[in-house]
Asker: 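I have a structure here, written as structure tokens, and I will follow up with some questions on it.
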Amino acid sequence: MALTTFHAPPCGAAAPSVKPVPFLVFQNYVGLKQQSSSAASLNSRFNCRVRATTTTVKSLQRRRCLFVVKASETAKKLGLTDAECEAAVVAGNIPEAPPVPPKPAAPAGTPLVPSLPLSRRPRRNRKSPALRESFQETYLSPANFVYPLFIHEGEEDTPIGAMPGCYRLGWRHGLVKEVAKARDVGVNSIVLFPKVPDALKSASGDEAYNENGLVPRTIRLLKDKYPDLVIYTDVALDPYSSDGHDGIVREDGVIMNDETVHQLCKQAVAQARAGADVVSPSDMMDGRVGAIRAALDAEGFQHVSIMSYTAKYASSFYGPFREALDSNPRFGDKKTYQMNPANYREALVEAREDESEGADILLVGIAVIRTFYEYLSGRTSSNAEVTWPQVKPGLPYLDIIRLLRDKSPLPIAAYQVSGEYSMIKAGGVLKMIDEEKVMMESLMCLRRAGADVILTYFALQAARCLCGEKR
């Protein structure tokens, strides 16, 4: 063990001044031998523990005292008063500290150039993990996620081919287990999507408001087991329609607006009565938010929120989802009621209408193209046209999220839809991307754009990553 002794001047000696030589003389010993200068230098790198035989500075002037410094790897309190510590420093006896680290050498061949005359270097705030975390502007939490879950009448969980890792869950068994897993990692919000038997589908979608139907039964079951679970529901006719459209179809192919809204009101009330916390009209009919709000209030469900699919674009982006629910349109497309992907300002028109009609949350659908997944997985037919999303990097419609975030005081929700989920999963399987990193980056982008909550099939997987539980 190395010891360092500090010798005070003899009694009666004049009080030292700051400028003259220090009044404490350092001698370094190992055992009974004086240390060499190199050994002393090494010893000085250790933290020191000092035991003082005096209690005041004046006592140093009256009698000779001895400070014993014991080398230790762990800094410990010295047992000195503030006055004693300050007196030692004023006298020039500065406690040792590690030396200034040498400047790292540049690799051989690096050119010698003068420093750029920059007053601001943004990289300074990114030079260490601690600094990057200090200045991070956007954060993800499991509380930001809403977990979309597909349910069906069967007892077994059925894999969805176009969505690896997703299933049609048995509403009494598999669903309850999946909700428990999500709650374990902090995801306490779900949205339900039913796969309805074909025999129950009709042109008017009456099964949508059957109070003993699949969705109301499931809500009651979940609320009985998990009373604090936040349940979102989908309000639209396509899972219940024999035509596969979100509304009632006239014989000439026109989607009937007001008649559809009438059915949607009954559907929303049935879901609220079963215990839904948030009803989410995804149909894009005109005036449906105001009508649903009035219907809910009339039945005493003023506490039930409305999350409106404000900007739902007509696109080929929802393929895997429609496969999951077996709800593809039997004919035509949805362009007469869903928005044109080329339009930006129109989103503001929809948002203002929904706000004025009583929406509590505005949702933007985010998606990527199904054929990308099919291409990666080898499922594209020989004559199929493969469309590649041109984002470098980015997600479709982030501009719309930011637009609504800047223009509306309401909470903004984003739906990272099935096509995007499938693309990331397929790319990960083929080792084209790091699935986990791309997943987390895509979710962070949605938050950065302005989304308060994100509906994502990655909810459970992402929450486990955030909780440090990777499975």
Side-chain angles (χ1 to χ4, degrees), residues 136-148 186-191 193 230-236 276-284 288-290 292-293 304-315 317-318 321 338-341 343-368 391 393-421 439-459 462-463 466:
Q136 183 167 319
E137 300 173 21
T138 307
Y139 290 89
L140 271 175
S141 162
N144 298 129
F145 301 145
V146 178
Y147 195 8
V187 178
N188 199 43
S189 298
I190 65 166
V191 56
F193 294 103
V230 179
I231 300 178
Y232 293 69
T233 58
D234 181 52
V235 178
D277 298 285
V278 185
V279 297
S280 311
S282 63
D283 56 288
M284 291 297 288
R288 90 274 201 212
V289 172
I292 290 172
R293 182 74 272 161
V304 174
S305 303
I306 296 176
M307 179 175 71
S308 170
Y309 282 61
T310 293
K312 186 175 183 180
Y313 286 86
S315 69
F317 294 1
Y318 309 115
F321 176 90
Q338 293 181 356
M339 289 175 56
N340 184 342
N343 290 358
Y344 177 81
R345 297 189 305 272
E346 187 180 3
L348 276 181
V349 175
E350 293 285 355
R352 287 166 180 164
E353 287 299 315
D354 289 352
E355 268 191 55
S356 67
E357 292 177 20
D360 300 286
I361 309 165
L362 304 180
L363 183 142
V364 180
I366 307 300
V368 294
V391 288
L395 302 174
Y397 309 117
L398 291 184
D399 58 332
I400 305 301
I401 295 177
R402 173 47 57 186
L403 173 68
L404 299 187
R405 172 73 291 144
D406 291 341
K407 299 294 184 180
S408 174
L410 295 180
I412 303 298
Y415 200 146
Q416 186 186 46
V417 300
S418 55
E420 185 174 1
Y421 171 87
M439 167 188 73
M440 298 305 291
E441 183 178 342
S442 67
L443 295 170
M444 186 66 78
C445 288
L446 294 172
R447 286 279 291 143
R448 187 192 66 221
D452 297 291
V453 295
I454 304 169
L455 285 69
T456 175
Y457 303 99
F458 284 121
L466 291 171

Asker: What is the distance from atom CG of L398 to atom SG of C445, rounded to the nearest 0.5 Å?
Answerer: 6.5 Å
Asker: Take the angle between the ring planes of Y415 and Y457 and call it parallel below 30°, perpendicular above 60°, tilted in between.
Answerer: tilted
Asker: Under the salt bridge (Lys or Arg N to Asp or Glu O under 4.0 Å) rule, what pairs show up with a residue in residues 346-360, not counting sequence neighbours?
Answerer: R288-D354, R293-D360
Asker: Find out whether Y232 and D277 are in side-chain contact, i.e. whether some heavy atom of one side chain is under 4.5 Å from a heavy atom of the other.
Answerer: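 The answer is no, as the side chains (C-beta and beyond) never meet within the 4.5 Å cut-off.
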Asker: Within the structure provided, determine whether F145 and L466 are in side-chain contact (heavy-atom separation under 4.5 Å).
Answerer: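 Answer yes - side chains close enough.
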Asker: Which heavy-atom pair separates L410 from A359 by the least distance, and what is that distance?
Answerer: CD1-O, 3.4 Å
Asker: Rounded at 0.5 Å granularity, tell me how far CZ in R448 sits from CG in L140.
Answerer: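 So the gap between those two atoms works out to 11.0 Å.
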Asker: How far apart are the closest heavy atoms of N144 and Y139, and which atoms are they?
Answerer: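 Reported closest heavy-atom pair: OD1-O, 3.9 Å.
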Asker: Could you give me the CA-CA distance, side-chain angles and deciding distance for L404 and V364, then say whether side-chain contact (heavy atoms from CB on, under 4.5 Å) is met?
Answerer: CA-CA 9 Å; L404 299 187; V364 180; 3.5 Å; yes
Asker: Using the side chain to side chain contact (heavy atoms under 4.5 Å, CB included) rule, pick out the option among V453, T138, I401 that qualifies with R447.
Answerer: T138
Asker: Taking all heavy atoms of S442 and all of E420, pick out the closest pair and write down the distance.
Answerer: CB-OE2, 3.8 Å
Asker: Where do I306 and P281 come nearest, in terms of heavy atoms and distance?
Answerer: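 Residues I306 and P281, closest heavy atoms: CG2-CD, 3.8 Å.
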Asker: Quick one, I400 and Y313 - any side-chain contact, counting heavy atoms below 4.5 Å?
Answerer: yes
Asker: Would you indicate whether the side-chain heavy atoms of V235 and I292 approach each other to under 4.5 Å?
Answerer: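 Of all side-chain heavy-atom pairs linking V235 with I292, at least one is under 4.5 Å.
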Asker: Could you state the interatomic distance from CD1 (I454) to CE (M444), rounded to the nearest 0.5 Å?
Answerer: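 Output value for this atom pair is 9.0 Å.
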Asker: Are the side chain of R345 and the backbone N or O of L348 linked by a donor-acceptor pair below 3.5 Å?
Answerer: no
Asker: Using a strict cut-off of less than 4.0 Å between a Lys/Arg side-chain nitrogen and an Asp/Glu carboxylate oxygen, indicate whether K312 and D283 qualify as a salt bridge.
Answerer: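 Salt bridge: no.
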Asker: Using side-chain hydrogen bond (donor to acceptor under 3.5 Å, both in side chains) as the criterion, list what pairs up with N340, not counting sequence neighbours.
Answerer: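 Listed in chain order: nothing, the list is empty.
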Asker: Taking the side chain as C-beta and beyond, is there a heavy-atom pair between V191 and L455 under 4.5 Å?
Answerer: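 Side-chain contact under 4.5 Å: yes.
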Asker: Could you go through V279 and V304, starting from their C-alpha distance and side-chain angles, then the distance that decides it, and tell me whether this counts as side-chain contact (heavy atoms from CB on, under 4.5 Å)?
Answerer: CA-CA 7 Å; V279 297; V304 174; 4.1 Å; yes
Asker: What is the minimum heavy-atom distance between L443 and A462, and which atoms define it?
Answerer: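 Shortest heavy-atom contact: CD1-CB, 3.6 Å.
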Asker: Working to the nearest 0.5 Å, report the span between OG of S308 and CD1 of I361.
Answerer: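 It comes to 10.0 Å.
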Asker: Please give me the minimum heavy-atom distance between A413 and M307, naming the atom from each residue.
Answerer: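 Scanning both residues completely, I find the closest heavy atoms to be CB-SD, 3.8 Å.
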Asker: If you round to the nearest 0.5 Å, how far is OH of Y421 from OG1 of T456?
Answerer: 8.5 Å
Asker: Are D234 and S280 close enough that a side-chain donor and a side-chain acceptor fall under 3.5 Å?
Answerer: no
